[in-house]
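First the structure, in the form of structure tokens, and then the observations on it.
Computed from a predicted model, the values in this text were never measured in an experiment. All heavy atoms count here, side chains included; hydrogens, waters and symmetry mates do not.
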Amino acid sequence: MKRMKVTSAIVAVLLAGTVLGGGTSFAYSWQRHHPRRVEVNSRLRNQNRRINAGLRDHQLTRSEAHQLRSEDRSVLHQERYDAAANGSHLTKGEQRQLNREENGISGQIHADRVEGN
């Protein structure tokens, strides 16, 4: 009888951990798709496509593309760091700062492509 109570208690604890763990996972996945993060990451993907197009059109050198991608990775790492520090979302100020950095990179892509023409 005592063994059955202990087993039931262990099962209850494991079940509670599974349910609570699932709730935490759901909250994280929701935050990962927070509108500010989606916007910043969409811009990064778009800039990567522009860099690839510049390479294909021979308007960017491999070296220029490498440098631009390195700067984009830096923005991506900052976005992840900021989100981790704020419960998986970005504040408006962080979003503004990341967008300013992306604007600078975007201008470099455009300037490199215009100069290449």
Just to verify, what does [X] make a side-chain contact (heavy atoms from CB on, under 4.5 Å) with, not counting sequence neighbours?
X      : value
Asn103 : Arg43
Glu71  : Gln67, Ile105, Gln108
Ser70  : Arg73
Leu76  : Asn41, Leu44, Glu79, Arg80

Could you tell me if the side chain of Arg37 sits less than 4.5 Å from the side chain of Ser88, heavy atoms only? yes

Mind checking whether Ile51 and Asp72 have side chains closer than 4.5 Å, heavy atoms only? yes

According to side-chain hydrogen bond (donor to acceptor under 3.5 Å, both in side chains), who are the partners of Arg45, at least two apart in sequence or on a separate chain? Ser42

With sequence neighbours left out, write down each residue that passes side-chain hydrogen bond (donor to acceptor under 3.5 Å, both in side chains) with Gln78, or none if nothing qualifies. Asp82

Measuring from [X]:[atom1] to [Y]:[atom2], what's the distance to the nearest 0.5 Å?
X     : Y     : atom1 : atom2 : value
Leu90 : Tyr81 : CG    : OH    : 13.5 Å
Asn52 : Arg50 : CG    : CZ    : 12.0 Å
Asn46 : Arg49 : CG    : CZ    : 5.0 Å

So Thr61 and His66, side chain to side chain contact (heavy atoms under 4.5 Å, CB included) or not? Walk me through it. CA-CA 9 Å; Thr61 66; His66 178 75; over 6 Å; no

Do side-chain atoms of Arg36 reach the backbone of Gln95 as a donor and acceptor pair under 3.5 angstrom? no

Any salt bridge (charged side-chain N to carboxylate O under 4.0 Å, His left out) involving residues 90-101? Give me the pairs, sequence neighbours left out, ordered by first then second residue. none

